Every structure is written in C-alpha cells, then in structure tokens.
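The basis for the numbers below is simple: all heavy atoms, side chains too, and nothing from hydrogens, waters or symmetry mates. Since the structure is predicted, the reported quantities are computational estimates derived from the model, not experimental observations. Order of the sequence lines sets the chain letters (A, B, ...), proteins ahead of strands, with each chain counted from 1.
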Amino acid sequence: MSTQPTGTETGGSTYRFQDLEAKWGPVWEELGVFTPKDDGSAERRYVLDMFPYPSGDLHMGHAEAFAMGDVVARYWRQRGYDVMHPIGWDSFGLPAENAAIKRNAHPAEWTYANIDTQAASFKRYAISADWSRRLHTSDPEYYRWTQWLFTRFYEKGLAYRKDHPVNWCPKDQTVLANEQVVNGACERCGTPVTKKSLNQWYFKITEYADRLLQDMEQLKGHWPERVLAMQRNWIGRSEGAHVDFVIEAAGERPEHKVTVFTTRPDTLHGATFFVVAADADLASDLVTEAHRAELEAYQEQVKALSEIERQSTEREKTGVFTGRYAVNPLNGEKLPVWAADYVLADYGTGAIMAVPAHDQRDLDFATKFGLPVRAVLDTGEEDPAVTGLATTGEGILVNSGELDGLSKAEGIARAIEMVEAAGTGERTVNFRLRDWLLSRQRFWGTPIPIIHCAECGEVPVPDEHLPVRLPDNLRGEQLAPKGTSPLAAAEEWVNVPCPRCGGPARRDTDTMDTFVDSSWYFLRFVSPQYTEGPFDPEAAARWMPVGQYVGGVEHAILHLLYSRFFTKVVHDLGLVPFTEPFSALLNQGQVLNGGKAMSKSLGNGVDLGEQLDKFGVDAVRLTMVFASPPEDDVDWADVSPSGSGKFLARAWRLAGDVSSGAGADPASGDRALRAVTHRTVADCAELLDSGKFNVVVARLMELVNATRKAIDSGPGAADPAVREAVEATAVILSLFAPYTAEDMWSLLGHEPAVANAGWPAVDPALLVQDTVVAVVQVQGKVRDRLDVPVDITEEALRELALASEPVQRALDGRGLRTVIVRAPKLVNIVPA
RNA sequence: GCCCCCAUGGCCCAAUUGGCAGAGGCAGGGGACUUAAAAUCCUUGUGGUGUGGGUUCGAGUCCCACUGGGGGCACCA
C-alpha cells in the first residue's frame, strides 16, 4: 500500500494537506470573503501587518509575522467586527536599483516580478487579506500623493533644505538619516559611514519632538514598553538652560555672543574653559588669525576620522585653542575657548561650558591639556582633580558665591533665576532628536516635486502636475551610483519651465527616502483608489487608527516614529481627527535556527517554500503561533511542524467521525463534554484578547483530546455534544489553520466559509460547576481534599476542614493559631 | 558605563495575577493493533520554579541583592 509521508489515515479517509490547499484556495478566491462591508452594519476594525519589501519571495520571518496578524484579523472577524486587513508593498528602494544595474534592466521589472511572486505566496499562505486594496508605493498613483504630502509639508515649512555635514555611505553613494546609521555604519550594507557637507532636504520632525513624546501616554499599555522606551530614548528630552557667554574681542575679531546648553547651571562657577564643536562654522568664525592654521589642520584631522572611530569613547580627547576667551556671565571669569570634536555640532548649540570637576568628558579634556579643575559641588567624594573621576551625584554647592550651601536641585533652580534676571539665559528643554534627512541620491524612489528656478528659487510642482513621474528611459549602468542622483542625467526630464515665471528651470533630482513612502501607507489603505487626495478623510475617520499593528521590533524607531510624525502633521492639516496612527502594536519575535538568526553566511537558512511543501501551510502557521508567545523568538530547531501536522490530522478526523446531523440540538448532549467545550471557547476568547495565541492552541489541543475520548470511550460519535465540540474546534482552528478548518466545516455539513461562521456562543450555565475540590493545608502542606459545593460558606468549610481525619492527624493534638479560609477552594490551618 | 526585558521537567512553554507547580507540545519510556513496520490509539513526569535573603498563614508570582542570557543607548553637555 502506498502511503503519503504526511498523510494520516483512519476509517478510509486520509488527511492530505495538499488536497485541502488545492480545494479551498479557489473557493475563497471566488467568495471574496475578506473584503470589509464598510456599511456600518458592524463595528469596524483595522488590522495591519507591516507591509513587505519585495526582495525575492517570502521568508520565514514573513510567515511568522503574517501568521500573527492573521490570527487577530480572523479572530475579530469571528467576533462579528467588520475587519479591514489590507496588503500592499513597500516597493521603492535600493535593492531593486542594484539588481537593475547588474542585469541592465529597469528597477520596475525586478520589483514587480517579486511582488507577483510574493502575492502568490501570500495567497497560498491563506492570509485573510482584502486584495482589492492592494497598493505599491512605486506606482505613480501612489507616489503622486507622497509628493502631494511633501508639498503640504513644504508649504508649512516642515520640508526645507540646508547645508550640513551629513552621514554618507560610500558604498551606496547616498546620504543616510541618523536613524539609518548603526554604530557608525550604514544599516543597510554595513559600510562605515563618513561625513560630507551637502545641501539636503529635511523634514522638521524636531518641531514635533514634544508631541511625539507626550502622545506616547496614549500608547502605554498597548505598545510594548521597550518600543516606547526606545523612542523616548531616541527623542532624548533633557531639561536645562541656555546661558549666553560673551566671547571677548581679540585683535581683528569682534566681540561675539555664544549660547550654550547645559543641564547643570548649578555648576556655572565650576566652568574653567569653553568648548565649541570643531566642525561647526562657529569654530572658524571665532578663531584668531594666529590660531587659524592650527584649527584648520585639526579640522582636517577630524574629518578624516570615520564615524566609528569618532564615536569611540576609548579615544583620547583632542582639540585646539582658538585664541579667544569667553566671559562667565555669573562671575565674570575669563575662560579659554577651545575647539574639540567631543562637542557635537548638531546637539544643543554646538558649544558648551566645560565643568571638569562634574563632567567626566570635560575632566578628561582638562587633564589632557592641563586646564584647571574646580569642584563646586561637595558630594563627599574625593577631589576630582586628584582622582580623575568627575563627581555627578548629589551634594552641597561650594565656591559658588551666593549659590553656596544650596543642594544640586536648588542650585539649578537658583542659577536659572539668576541668568534669567540678568537677561543672559533662560530655562529650556533640549532634544536629542535631529531633523529627518529625507533626500537620497538614487533613482528608484519618489521624485522630490520641486523645481529650481534661477529667478524664483525653489518652486513646488503645482498639485495638478503631480505626479512627477520617474523617467522610464534610464536603465542598467545609467543608474549606477555616482554621488549625484542618476536622474540628473535625464536631461529632457530635468529641464522644465518654471511653473511660476515660465523661464528655464531644473527639476530637483533627488528622490525621497523610502521611509517617506511607508509613513502614510496605512492611510492610503482606507481608500486606495481615491483620486481627490492621498486618502478619503471620511474613510480615514471611519477606519483609523489601526486597531492592531503587527511587525518587527527593528522598526521600533525608524518607521514607527516617522509614521507617528506624519500622522500628527496630517492631523494638523485638518485631514484626520486622530493624532496617533496605531492604537496597539505587537512586535512578533524573529525566527531563528539553532539559536541564531538565519543568514546566508551562517548557512542556516530555512526556506519557507520547502517547509510549506513538506508540512503544509496550516502546519507551518500553527507551528509559528504555538511555538511561544507572539513576541518571543521562534527557534525552528526547537519546534515540530510535523507535530503540528499530526495535531491537525487529529482534529480533522474528528469532523469525519461526527455522526449526528448538522443542526442537532446540543442541549441533549453529554454535559461533561459540553462543559469542556464552553469553558474552552470562553477561555480562548480571553486569551486571544490578551494576545496569548500559543496558549489558545494548547487549549484547543485539550478540547480535541477530550472530544476524541468522548467519541472513543464516552458518549460516542452520535452525541450532539460531540458535534458541538468539533464545530467549536473548527471555528477556533480557523484562526490558525484555515484550510483544515474549512474542510472540517465542510465535513460537518456547512457551506463555506468557516471564516464567517461566527464565534461560538458560550452558555454561562455550562461554565459553573456545582462542586469543587477544596484543598486543606496544615502549615501550607496539603493534607486533604474535599468535594464541596461552590457556594459553601466559610464557616461550613472551616468546620469540614477541621473535622477531616488526615488534618486531625497532622495537627497531632496541637491547638489552632490561625485558620485561613478562602471558600470554596482552600483552607490553611496554622497550629499553635 | 547607563537603561530595559527574561530565567519553571531534557527542550519549547502554561499556571485564573499571592492559594494544590504542570495545562499543551517535542523528545524519551511502556503498552494495544500488525507476520513485521508505518500510521493510529492508550499510558508514563519529585523539577519545587537561576542563587541568596526578606514580607506573608501561604511566594513561580511581591521586595532587596547577586548570577546568567537577550536587547537598546552610548563623547547628547
């Protein structure tokens, strides 16, 4: 007899996942069961998985993430909500361009071919997506509105250009946002990043720093705490003061006012020198002619460092004297002004007052260059000048004039009052967050809709001329990175008349970072065919915010912060009533193999397609969900897709065994099995609401085991309670294993689709037990178990417990000190 | 260096939020069926919850310290 390696057989029928996948895929396709009604007949809910980048076919990571999102979508649908669960592609980006260069092709060819591959895989994977809302960010119909939004940002002053030292990836030949630099290297290719001074486009996300921080209050409890912590960290709010220092005139150089940011104004009297960022214009402005050559040599030296070297905290401090002196506004002391690279040009004001006694970096610098150290806060520790360790704790101010005797906190408050009174400073809040550098010198992205005119300057492309389409005549080598955008080479595309004056003008040749595209796609999904704007505001108000967002924690800062920013701007434009895009966030874990992330270099990759061929879609999906809590990593070496397959076969066989007719009244069925069924349904709902998907599967396995037992050695296959149990199993299983569940539903005599069967009703009467087992402890040790009525009184239970023979034996004649009674479950007797 | 999370049978993981440590699965042992095997079914768990303290009648759960693992930030003034 020939057997399928994965088939299991009983009573003449065999579970073959291949057959089920072939049978039900087309049926669902025809039914279109996953398009929301959007008619107000049910409460709307929006479930969204972070849309994929089309790099080849789907992989194990997609399989996990989308399995999780689909559990939520399918559960909510069973609960009767009108669920929107769309799918699309983040289809602009460098890999397509690199592939095009290599194959002398257009990036669109590679991109759309991969999208087709992934779309087919998603269908096989039975994601309950609404395919009618499908979008691709590289479609002109989409990026038209990315450009439209850019124009709105521009009009509000939230998109601007500036000359600034930027992160430059020498390999990708493009600039990078701060968020895309990881440990001094390009997050995409790992190449050490260098600095380059360029004129680039920025979004003024810093203007929203406070709101991005404040509004996280709404997300608490619904977003993973660590994501909120990372964003908080990234925004980096710090309270302190701006203090003005006057730089004395020196020879040909006039007097100059420089503001510093400090979190420790209480230590103003401890400032012994002053430092400006070496790479800031300020350094060159201040330096005297006598010191200019030295500064310039130093600046060259700084520029030559890679970001990795520059960020090393091991590195010795370097710097040069500028020949100038700053006057301490509090005590009139003259402080030498140095230029150094440990002060950052783009944090605070790019200049600091150095207090070596109470700041380790300043102390290291002072030690290196023989500058004085003066402690002004007595912390009870040894003198930093002697130990080389700056003191940063609490203490009492000394050597600080009228601040003497105050605590650190009092000193900070008083010092701010003093500079404010003197008009030389003010309380302020500073953020670590920098503006978002959005322009890229590459081809395959959204063109920046700006025209540069010699007469009119920057002129936005009028809305009615959008989209600014990418030229389609560039391919292969013409797209090779050369440090300027390949678009610049498309002369007939670049040269256009100025929309304002009609004179000769040139298009901006940079494209947008793909994170711009993905910062609003969740809005486009609410009305993907809308032509009057990026989205229909009414549809957005109906569907948004997203009720459950699912994706990897690698986007904790980048995508999620940018999307929050975009949503706030769109809110300020009056287009949406809400200020946060994602009410709840689930970060699914990674799929590992043998304790490590799958990677080509380790050779431990697992191919999703092979797994699906071998075990079936349902078994792979079930394995992903059952392996661990959703947010934990899944190690493919530790799990058993074949075990999942066995369970599915076991569940499926139940449906074939049911011998009562569809519609049989369960009321007459076996009460014990009914109680298990209803308990399971009730518990699963609670578990799904709290995201414990793995436990739901475990509970479902229990139900299947109980049902098997009922058929084989209980009331038998004809008992209506068995049908009730199997129907509940099919519905719950449909969240994880849609093919198997659908076939069970069909075997039970129902029409498709089980996805719309509705969550089983729970009869509360079946959840209450009339007796429970009460545990009787003596000194915390279990001595007896009593069958008692659930509603037993404390007194009655106490009496029963004390009367128990094993308890009396354990007490051994000792008297009672305390008896704790928690009716009906527990009695703890403490002997005297 | 700073911050956050985690630690339960050989492994992946539950434990109604302070009340009997073990639900589910994997692996392993035993058995039924079979000429045999596969498949299927039945059956099988002293590890006391990383370590040391503490609170409590009672701690996997709360508090403190430590160890181990994972993650984030890191010249941010």
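- Closest to the side chain of M701(A), out of G24(B), C26(B), C57(B), is G24(B).
- Checking side-chain atoms of K408(A) against main-chain N and O of T392(A) turns up a donor-acceptor pair under 3.5 Å.
- When each of V620(A), L735(A), V697(A) is paired with V625(A), the side chain to side chain contact (heavy atoms under 4.5 Å, CB included) condition holds for V697(A) and for no other.
- When heavy atoms are screened at a 4.0 angstrom cut-off, T262(A) is found touching the sugar-phosphate backbone but no base atom.
- Contact annotation: side chain of R822(A) to base of G19(B), donor-acceptor pair present below 3.5 Å.
- Taking D632(A) as the reference, nothing meets the salt bridge (charged side-chain N to carboxylate O under 4.0 Å, His left out) condition, with sequence neighbours excluded.
- Within the structure, every side-chain polar atom (N or O) of N587(A) is placed at least 4.0 Å from both OP1 and OP2 of G71(B).
- Across the C1' atoms, U8(B) and C3(B) are found 27 Å apart, a figure rounded to whole Å.
- Here E225(A) lies out of heavy-atom contact (under 4.0 Å) with every strand.
- Contacts of V639(A) with the nucleic acid, taken as non-hydrogen atoms under 4.0 Å apart, are absent.
- Regarding D635(A), its CG atom lies at a distance of 21 Å from the P atom of G25(B), rounded to whole Å.
- Distances from the side chain of K317(A) to the nucleotides C75(B), C41(B), G24(B) place C75(B) closest.
- Sequence order on RNA chain B of the closest nucleotides to V773(A) and D638(A) puts D638(A) first from the 5' end.
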List, with names and distances, any nitrogen or oxygen atoms from the protein found under 3.5 Å away from nitrogen or oxygen atoms belonging to nucleotides 13-16 of chain B.
from, atom 1, to, atom 2, distance (Å)
C13(B), O3', N694(A), ND2, 3.3
A14(B), OP1, N694(A), ND2, 3.4
A15(B), OP1, K692(A), NZ, 3.4
U16(B), N3, K825(A), NZ, 3.2
U16(B), O4, K825(A), NZ, 3.3

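- A donor N or O paired with an acceptor N or O is found under 3.5 Å between the base of C57(B) and the side-chain atoms of N828(A).
- For Y15(A) (side chain) and T740(A) (main-chain N/O), no donor-acceptor pair under 3.5 Å exists by modelled atom type.
- As a whole-Å value, the separation of F365(A) CZ from A77(B) P is 18 Å.
- Panel note: side chain R621(A), backbone F736(A); a donor-acceptor pair is recorded below 3.5 Å.
- Across all strands shown, G50(B) is found opposite C66(B) as a Watson-Crick or G-U wobble partner, with both distances under 3.5 Å.
- Regarding N705(A), its CG atom lies at a distance of 14 Å from the C1' atom of U40(B), rounded to whole Å.
- If you take CD1 of I732(A) and P of G24(B), they are 16 Å apart, rounded to a whole angstrom.
- Within 90° of 0 lies the glycosidic angle of U17(B), which makes this nucleotide syn.
- Of the nucleotides present, none pairs with A36(B) by Watson-Crick or G-U wobble criteria with both distances under 3.5 Å.
- Checked by atom type, the side-chain pair Q611(A)/W636(A) shows a donor-acceptor distance below 3.5 Å.
- Side-chain atoms of T367(A) and L363(A), non-hydrogen and from C-beta on, do get closer than 4.5 Å to each other.
- Between H242(A) and T259(A), the side chains place no donor N or O within less than 3.5 Å of an acceptor N or O (distance only, hydrogens not considered).
- Counted by atom type alone, N705(A) and R650(A) present one or more donor-acceptor pairs between their side chains at under 3.5 Å.
- Remark: K317(A) is positioned above the aromatic ring of Y342(A), its terminal NZ or CZ atom under 6.0 angstrom from the ring centre and at most 45 degrees off the axis.
- Toward the 5' end of RNA chain B, the nearer of the two residues N233(A) and K709(A), judged by each one's closest nucleotide, is K709(A).
- As judged by a 4.0 angstrom heavy-atom cut-off over every strand, V343(A) is placed among the base-contacting residues.
- Comparing C64(B) with U55(B), their P atoms are spaced 15 Å from each other, to the whole Å.
- Non-hydrogen atoms lying under 4.0 Å from RNA chain B are contributed by R432(A), all within residues 424-433 of chain A.
- Counting any heavy atom pair closer than 4.0 Å across all strands shown, R434(A) reaches a base atom.
- Checking C26(B) for Watson-Crick or G-U wobble geometry (two distances, each under 3.5 Å) identifies G10(B) as its partner.
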